[in-house]
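Along the sequence shown, residues are numbered consecutively beginning with 1.
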Amino acid sequence: MQWGAGLGALHFGRNRSISCGRLVVIAGHPLPESTATIMADSWWRKTLCLAGGALLAAAAYLLHELLVVRKEQELDSKDAIILHQFTRPKNGIPSLSPFCLKMETYLRMADLPYQNYYDGKLSPQGKMPWIEYNQEQVCGSEFIIDFLEEKLGVNLNSNLSPEERAVSRTITKMVEEHFYWTIAYCQWVDNVEETKSMLAVSGPLSELLKWILSHVTGSLVKREMYGHGIGRFSKDEVYALMEKDMRTLAALLGDKKYIMGPKVSTVDAAVFGHLAQAMWTLPGTRLEQLIKGELINLAMYCERIRRKFWPEWFVDVDDLYYDGLSEEPNSPSQLPDLGLYSRSDSFPEEPSTLSHSATTHSLDSDPTGRSIFDSDMEAEYSEMEQLKG
């Protein structure tokens with residue numbers, strides 16, 4: 001017969017002579033055979049679970065140590081800029097994060113060699129992207145740019161006057177502190193299923209992981225938007241604010257080649273990082289309709305930067321406008337197919353989907369044979385009108 005132990009306590013009032021106030025009693029009692037068998041089985045199960053958990057923890061620790069050693073070996077490169085950012089999405093755009101795309105575009109604009117590291121690890125401040133340079137870590141795109149300007153002597157704003165630099169910073173803050181939240185809302189709240197399909201997650205549980213990641217991100221975006229203040233407005237009001245920002249950018253750009261004039265500057269990296277999301281990650285949304293329709297100069301601006309600084313990232317020239325036609329039932333989609341493909345090592349290769357009009361001309365020219373990103377905006381706009389016709 002097996003025995004069990006029972007634990008009890010007797011409480012004495014304050015008027016009792018025993019000062020402890022409680023007396024702990026341990027009593028032995030016989031256990032029924034069935035109960036003893038159940039407890040024995042349960043004990044073995046718990047033991048096996050604990051042992052298995054310990055083995056898994058040990059394996060995870062060893063794997064972590066191996067990865068750390070490998071990372072240190074890979075990153076042990078003097079004078080190398082290591083850019084930590086999110087993994088490339090499946091649709092071909094370099095990043096679904098406006099700030100990651102901004103930072104990598106800036107490095108290309110400044111002609112600074114760098115290495116991408118897709119470890120998914122946030123900076124100590126909980127930010128992405130961030131860089132490592134000669135054992136120094138810097139996060140926040142603005143601080144990263146300041147750091148690189150100081151360390152490496154690069155400056156995309158050297159041709160700007162003090163007044164133009166002030167205007168440039170004002171535009172950057174409007175884009176990053178206001179327009180960004182409307183983009184995030186459209187991506188992770190209002191069109192979360194479309195965004196989820198672009199996540200590059202593989203494996204047997206990829207769909208579950210993508211669902212969890214997208215909805216957790218959406219919840220975080222809504223919480224942060226509420227704290228910012230813009231999340232306290234209705235959906236229609238958020239989209240109205242988004243449209244005002246886009247129209248402001250279109251008016252500021254006008255017929256110029258870049259935001260501040262004929263030469264690229266730091267503000268272009270920020271603006272492009274955000275507008276590219278509207279161009280290539282949000283098919284059928286109000287953002288796409290605006291940028292590829294009424295605000296076509298913004299689309300040509302994005303295309304100009306893409307062609308000049310992202311030569312391995314190709315899109316169909318037919319994707320540069322939105323015709324706004326309604327779709328007939330069971331008919332092919334009237335919206336442009338925004339799927340992209342690349343021929344670089346950084347992007348997975350996919351079959352070309354260029355249209356006939358795109359394949360009969362060079363990738364840097366439109367159907368008239370003129371260069372897109374070297375031509376004047378007025379000429380580009382008229383050519384796009386011809387395409388629509």
Is it the case that the side chain of E288 and the backbone of G293 share a donor-acceptor pair, with hydrogens and angles ignored and the cut-off at 3.5 Å? no

Using the six-membered ring wherever Trp is involved, compare the ring planes of Y258 and Y301 and label them parallel, tilted or perpendicular (cut-offs 30° and 60°). perpendicular

Does T170 use its side chain to pair, donor to acceptor, with the backbone of A166 at less than 3.5 Å? yes

Apply side chain to side chain contact (heavy atoms under 4.5 Å, CB included) to Y133 and I144, showing your working. CA-CA 10 Å; Y133 181 77; I144 293 173; over 6 Å; no

With a 4.5 Å heavy-atom cut-off, do I131 and F147 have their side chains touching? yes

To check you understand the geometry: which heavy-atom pair defines the closest contact between G254 and N297, and what is its length? O-ND2, 3.2 Å

Min side-chain heavy-atom separation W313-I93 under 4.5 Å: yes

salt_bridge(E132, K121) N-O dist < 4.0 Å: no

Take S197 and K90, measure what side chain to side chain contact (heavy atoms under 4.5 Å, CB included) needs, and give me the verdict at the end. CA-CA 8 Å; S197 67; K90 291 170 60 176; over 6 Å; no

Step by step, work out the side chain to side chain contact (heavy atoms under 4.5 Å, CB included) result for L249 and M174. CA-CA 10 Å; L249 289 173; M174 180 197 77; 3.7 Å; yes

Should the heavy atoms of other residues, nucleotides or ligands under 6.0 Å from NZ of K222 be counted, would the total exceed 12? no

Give the minimum heavy-atom separation between D119 and H84, together with the two atoms involved. OD2-ND1, 3.2 Å

Enter the distance from Y239:OH to T285:OG1 here, rounded to the nearest 0.5 Å. 6.5 Å

Heavy-atom side-chain proximity of Q187 to T217 below 4.5 angstrom: no

Between N159 and E164, the two heavy atoms sitting closest are O-OE1, 4.1 Å

With the side chain counted from C-beta on, respond yes when Q85 and S97 share a heavy-atom pair under 4.5 Å apart, and no when they do not. no

SG of C302 to CH2 of W280, rounded to nearest 0.5 Å, is 5.0 Å

Candidate list E176, H274, E142, test side chain to side chain donor-acceptor pair (under 3.5 Å), partner K102, passing option: E176

Any non-hydrogen side-chain atom of L282 less than 4.5 Å from a side-chain atom of E194? no

Please tell me if the side chains of K263 and S158 come closer than 4.5 Å, counting only heavy atoms from C-beta onward. no

Compare every heavy atom of V267 with every heavy atom of S168, then report the nearest pair and how far apart it is. OG-CB, 3.3 Å

For D190, check salt bridge (Lys or Arg N to Asp or Glu O under 4.0 Å) against everything at least two apart and list the hits. K235

Between CZ of F272 and CG of L298, what distance do you get to the nearest 0.5 Å? 12.5 Å

Electrostatic pair R88-E104, nearest N-O below 4.0 angstrom: yes

CZ of R232: more than 12 outside heavy atoms within 6.0 angstrom? yes

When you group the ILVMFWY residues by side-chain heavy-atom contacts below 4.5 Å and let the links chain together, are L220 and W188 in the same group? no

Side chains of E177 and T172 in contact at under 4.5 Å (non-hydrogen atoms): no

Heavy-atom nearest pair, L83 first then P129, reads CD1-CB, 3.9 Å

As an exercise, state the distance from CE of M279 to CG of L287, rounded to the nearest 0.5 Å. 12.0 Å

Hey, any chance Y226 and W181 share a hydrophobic cluster, counting ILVMFWY side chains that come within less than 4.5 Å of each other, even indirectly? no

Rounded to the nearest 0.5 angstrom, the OG1-CD1 distance for T182 and I230 is 6.0 Å

In one Ile/Leu/Val/Met/Phe/Trp/Tyr side-chain cluster, 4.5 Å: L199, I212: no

Membership question, hydrophobic clusters at under 4.5 Å side-chain separation (ILVMFWY): are V192 and W211 in the same one? no

Hey, does the side chain of D245 reach the backbone of M242 with a donor-acceptor pair shorter than 3.5 angstrom? no

Heavy atoms only: give me the nearest I291-A278 pair and the separation to one decimal. CG2-O, 4.2 Å

To the nearest 0.5 Å, what is the distance between CZ (F86) and CG (L122)? 6.0 Å

Measuring only between side-chain heavy atoms, which start at C-beta, is M260 closer than 4.5 Å to N157? no

In terms of hydrophobic clustering (I, L, V, M, F, W, Y; side-chain heavy atoms under 4.5 Å; direct or indirect links), are V216 and M198 co-clustered? no

Verify the neighbour count for atom CD of E163: are there more than 12 heavy atoms of other residues, nucleotides or ligands below 6.0 Å? no

Might you work through the side chain to side chain contact (heavy atoms under 4.5 Å, CB included) test for L107 and L148, ending with a clear yes or no? CA-CA 9 Å; L107 291 171; L148 294 175; 3.6 Å; yes

